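The structure appears below as structure tokens.
None of these values were measured; they are calculated from a predicted model. Numbers restart at 1 for each chain; the letters A, B, ... are given by sequence-line order, proteins then strands.
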There are 2 protein chains.
Amino acid sequence: MATERPDLAAMLYPLVRDLIALELPVLAAHNVSMWGYSVLTALDDTPVRTQAALAEAIGADKSRIIGTLDELQQAGLIERTPDPADRRARLLSITPQGRKIRRTVRKEIQAQEEQVLTTLAPADRKTFVRILQELHASR
Amino acid sequence: MATERPDLAAMLYPLVRDLIALELPVLAAHNVSMWGYSVLTALDDTPVRTQAALAEAIGADKSRIIGTLDELQQAGLIERTPDPADRRARLLSITPQGRKIRRTVRKEIQAQEEQVLTTLAPADRKTFVRILQELHASR
DNA sequence: GCCTATCGTAAGCGTCAGCATATGATTGCG
DNA sequence: CGCAATCATATGCTGACGCTTACGATAGGC
């Protein structure tokens, strides 16, 4: 029973901090904000949805996400078409260009991430990512 | 080569979010702020130091940490004594009471944390914590 | 057909973080 | 001695976030 360890959050937070610091330059290079990237990711993984649902999915505020969507739309990375079935709602979808950018950015980000894991043994590195994926999938 | 996975940050961030949500009630129950707990932890692990160094150690702003120190001092959880060798500096130390609170809080927090990990197989749970500790130690 | 709920949008609120700057006490170098 | 550096502290700025309220358009139950 190893009670003598730092809290999970105390260990994870600096890690996330580092990761974000690595991500920012990549995002900036592609003119995408963190929220923007978050939106692209969500839309690429699970296409259509309503804005409120999208906001909740990425843990953002319904009203604060609008500016982000405006930018993305103006940049041609997403489309916002009125739902013919319910004209209150806007169907959100990622454009081919948006998909392309999202995947490029992801590739670059994941390359950066390796830096953070370099101190780990290769086996541990794989295990860590695997367990993390499980944790993430089970939310 | 499993390129098809979410970014580390995308998986870690919600996790940290959840963890913090679990921590807040515990901290509130003991009248300690997040920063305060962070300070107590740092001081308990590595006793004396100067305020600027402490601030940097916990990733806080040098000036924004002062209010936290004031509160902790007033609550009798830390001591701020002028360094006799350099009267500009204040030697920071945790009091027995502060140490007691810190350890109580940590115990309760770590109990909460288990909830987040319940979806993992027991073996994975241990492995995850172990790797995380390695990552944390190698910073 | 009405009333309530939902959706996107806009605006305002208080909070908090990071950043910069200023000041007063003190130190240490030259 | 005197000057630059260091430390704790105070303060103000800016930007982000979460939360709340309001509003117009629209749907859907009754």
**Message:** Looking at Lys62(A) and Glu56(A), is any side-chain nitrogen of the basic one under 4.0 Å from a carboxylate oxygen of the acidic one?
**Reply:** no

**Request:** Remember a base hit wins even if backbone is also touched, and classify Gly59(B) as base, sugar-phosphate or nothing at under 4.0 Å, heavy atoms.
**Result:** sugar-phosphate

**Contact under 4.0 Å: Trp35(B) side-chain N or O vs dC16(C) OP1/OP2** = no

**Prompt:** So, for Thr68(A) and Ser33(A), which heavy atoms are closest and what is the spacing to 0.1 Å?
**Reply:** CG2-OG, 4.3 Å

**Request:** Look at Glu23(B) together with Arg106(B) and state whether they make a salt bridge at an N to O cut-off of under 4.0 Å.
**Result:** no

**Message:** Between the side chains of Glu108(B) and Arg103(B), is the shortest nitrogen-to-carboxylate-oxygen separation below 4.0 Å, so that they form an ion pair?
**Reply:** no

**Prompt:** Does the distance from a Lys or Arg side-chain N to an Asp or Glu carboxylate O, for Arg102(A) and Asp45(A), drop under 4.0 Å?
**Reply:** yes

**Message:** Other residues, nucleotides and ligands only: do more than 12 of their heavy atoms fall within 6.0 Å of CZ on Phe128(A)?
**Reply:** yes

**Message:** Less than 4.0 angstrom from a charged side-chain N to a carboxylate O is my criterion; do Arg88(A) and Asp83(A) meet it?
**Reply:** no

**Prompt:** So where does chain A start and stop touching DNA chain D, 5' to 3', when the test is distance under 4.0 Å to a non-hydrogen atom?
**Reply:** dC17(D) to dA27(D)

**Item:** Where protein sits on nucleotides 2-14 of chain C, one letter per nucleotide: B base, S sugar-phosphate only, - none, heavy atoms under 4.0 Å
**Value:** ---BBSSBBBBB-

**Item:** Arg17(A) vs dG18(C): side-chain N/O to OP1/OP2 distance below 4.0 Å
**Value:** yes

**Request:** Using a strict 4.0 Å threshold on nitrogen-to-oxygen distance, state whether Arg5(B) and Glu113(A) make a salt bridge.
**Result:** yes

**Fill in**
Ranking Asp83(A) and Ala60(A) by the position along DNA chain D of their nearest nucleotide, the one closer to 5' is Ala60(A)

